[in-house]
Asks: 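Got a structure here, written out as structure tokens. Questions coming.
FYI, the numbering just counts along the sequence from 1.
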Amino acid sequence: MRVLVTGGAGFIGSQIVSSLRRAGHEPVVLDALLPGAHPTAPEPPAAEFLHSDVRDAAGVRAALRGVDAVCHQAAMVGLGKDFADAPDYVSCNDLGTAVLLAAMAETGVRRLVLAGSMVVYGEGRYECPGHGPVRPGPRRPEDLAAGRFEPRCPTCGSPLAPGLVGEGAPLDPRNVYATTKLAQEHLSAAWARAVGGTAVSLRYHNVYGPGMPRDTPYAGVASLFRSALARGAAPRVFEDGGQRRDFVHVRDVAAANVLVLEAAGDLPAGALTAYNTGTGDPHTVGEMATALAAASGGPQPVVTGEFRLGDVRHITADSARLRRDLGWRPEVAFEEGMLEFARAAQRASAGVGV
């Protein structure tokens, strides 16, 4: 199978390219190599390479020649600095996806795997002891400033117990990045209905691993901690470190993409299918920082109490559907992955192109 991987020179995309080659497929890489993501030239991908932006219709049409499927990884990632980043996020993520899908409709390519994200859910699933499953509203700045980080029941104010979110949960993006990731899904679903195509969104959890970009305002928390330790500094943990996340290794995410690409012919056409892509083994941000510090022999994390309004407290999702439908299983355990990540090289910077 000949597969176009957009953003294929980036962190996750390059791992997908390697996994596709090992599985006997023919990857084609399209990447703009924008300076924010690639301040220095990356290693040449082990695949046919086209230097083009996914927003360039002519370049995308050229890349689609002879292609059987598309693995769309090109995106601007992370929470960003402030709302002034919104035009860049919308342009890179949503306009780029629209240009790609229009070219796929024109050229007859009918299989798409999208790099989705668990951020489309907003806050995760919660149980109130008196009211059962509830969805708390956005956290209030005055509560966060006072160190009250845990959401409470919107009806009675009781403490809530976090749980796992299924793919059928309501979608409630809480920041610009999350909103663009949901828009990508809606665009992909509209494309699938219009052309009878097969679209799958793999809603990634917190992906980490070798080759992750270094710290910038757009980097993930694992990269920020790793970069601090590389400088000999203590990781700075926001809030109280109790935020629950699911840290999934990049090789496992790449394997999920290959599996879905190979199974696309058996998945429903004319609609988008979403799969949560995580380990099912949640850890707190504080636990992750402590594990990285221990693995690298660096200073212990410092819990700062700082917060960002766009962050959610807990988001961990149930990935049973991907296991049940396609047999995917993550292979890298948390402890093993953090030990490897603590000693692995990082990319020079981060920004556009996952």
Side-chain angles (χ1 to χ4, degrees), residues 1-23 25-78 88-104 107 109 111-117 177 180-181 184 187-188 202 204 207 209-214 216 218-220 223 250-251 253-254 257-258 261 345-354:
M1 179 168 49
R2 184 172 167 88
V3 181
L4 175 64
V5 183
T6 69
F11 168 49
I12 299 175
S14 60
Q15 290 281 353
I16 293 170
V17 168
S18 296
S19 294
L20 283 167
R21 286 183 59 84
R22 286 194 297 270
H25 301 296
E26 181 186 357
V28 179
V29 172
L30 183 143
D31 202 300
L33 299 181
L34 297 179
H38 303 281
T40 59
E43 290 292 323
E48 181 181 340
F49 175 72
L50 295 95
H51 186 187
S52 181
D53 195 302
V54 74
R55 292 166 289 187
D56 177 359
V60 171
R61 284 194 296 270
L64 287 170
R65 293 192 189 105
V67 160
D68 302 299
V70 172
C71 187
H72 183 31
Q73 306 295 310
M76 186 172 179
V77 300
D88 287 338
Y89 275 106
V90 172
S91 176
C92 290
N93 297 358
D94 299 337
L95 175 59
T97 298
V99 170
L100 172 66
L101 293 171
M104 291 174 66
T107 56
V109 180
R111 295 185 184 184
L112 171 73
V113 177
L114 172 69
S117 175
Y177 169 64
T180 65
K181 296 308 288 184
Q184 285 185 312
L187 287 165
S188 300
L202 290 176
Y204 300 159
V207 186
M212 197 173 190
R214 289 179 188 165
T216 78
Y218 305 94
S223 177
V250 66
R251 287 196 299 272
V253 168
N257 276 271
V258 175
L261 286 163
Q346 291 177 283
R347 289 172 180 258
S349 184
V352 181
V354 296

Asks: Identify, with sequence neighbours excluded, every residue that meets side-chain hydrogen bond (donor to acceptor under 3.5 Å, both in side chains) alongside Asn257.
Replies: Gln73, Tyr204
Asks: Considering only residues two or more places apart or on different chains, which pairs with a residue in residues 57-70 satisfy side chain to side chain donor-acceptor pair (under 3.5 Å)?
Replies: none
Asks: Looking at residues at least two apart in the chain, or sitting in another chain, which of them share a side chain to side chain contact (heavy atoms under 4.5 Å, CB included) with Ser117?
Replies: Val119, Tyr177, Lys181
Asks: Looking at every heavy atom in both Leu261 and Val113, which two are closest together, and how far apart are they?
Replies: CD2-CG2, 3.6 Å
Asks: Taking salt bridge (charged side-chain N to carboxylate O under 4.0 Å, His left out) as the test, write out the residues that go with Arg21, two or more places apart.
Replies: none
Asks: List the atom pairs, with distances to 0.1 Å, where a side-chain N or O of residues 10-18 and a protein N or O form a donor-acceptor pair under 3.5 Å, not counting sequence neighbours.
Replies:
unit_1	atom_1	unit_2	atom_2	d
Ser14	OG	Gly10	O	2.6
Ser14	OG	Phe11	O	3.2
Ser14	OG	Arg347	NH2	3.3
Ser18	OG	Ser14	O	3.3

Asks: What pair of heavy atoms forms the shortest contact from Gly7 to Ala74, and how long is it?
Replies: N-CB, 3.7 Å
Asks: Only counting residues at least two apart or in another chain, list the ones meeting salt bridge (charged side-chain N to carboxylate O under 4.0 Å, His left out) with Asp53.
Replies: Arg55
Asks: Sequence neighbours left out, what passes side-chain hydrogen bond (donor to acceptor under 3.5 Å, both in side chains) with Ser188? Give chain and number order.
Replies: none
Asks: Quick one, Leu20 and Val5 - any side-chain contact, counting heavy atoms below 4.5 Å?
Replies: yes
Asks: Just jot down the side chain to side chain contact (heavy atoms under 4.5 Å, CB included) partners of Ala23, sequence neighbours excluded, or say none.
Replies: His25, Val258, Glu262
Asks: Shortest non-hydrogen contact from Ala69 to Met1?
Replies: CB-SD, 4.3 Å
Asks: Which heavy-atom pair separates Leu50 from Ala63 by the least distance, and what is that distance?
Replies: CD2-CA, 4.0 Å
Asks: Apply side-chain hydrogen bond (donor to acceptor under 3.5 Å, both in side chains) to Arg22 and list each qualifying residue two or more places apart in sequence or on a separate chain.
Replies: Ser19
Asks: Sequence neighbours left out, cut at 3.5 Å: what donor-acceptor pairs do the side chains of residues 94-102 make with other protein atoms?
Replies:
unit_1	atom_1	unit_2	atom_2	d
Thr97	OG1	His72	NE2	3.0
Thr97	OG1	Asn93	O	2.6
Thr97	OG1	Gln184	NE2	2.9

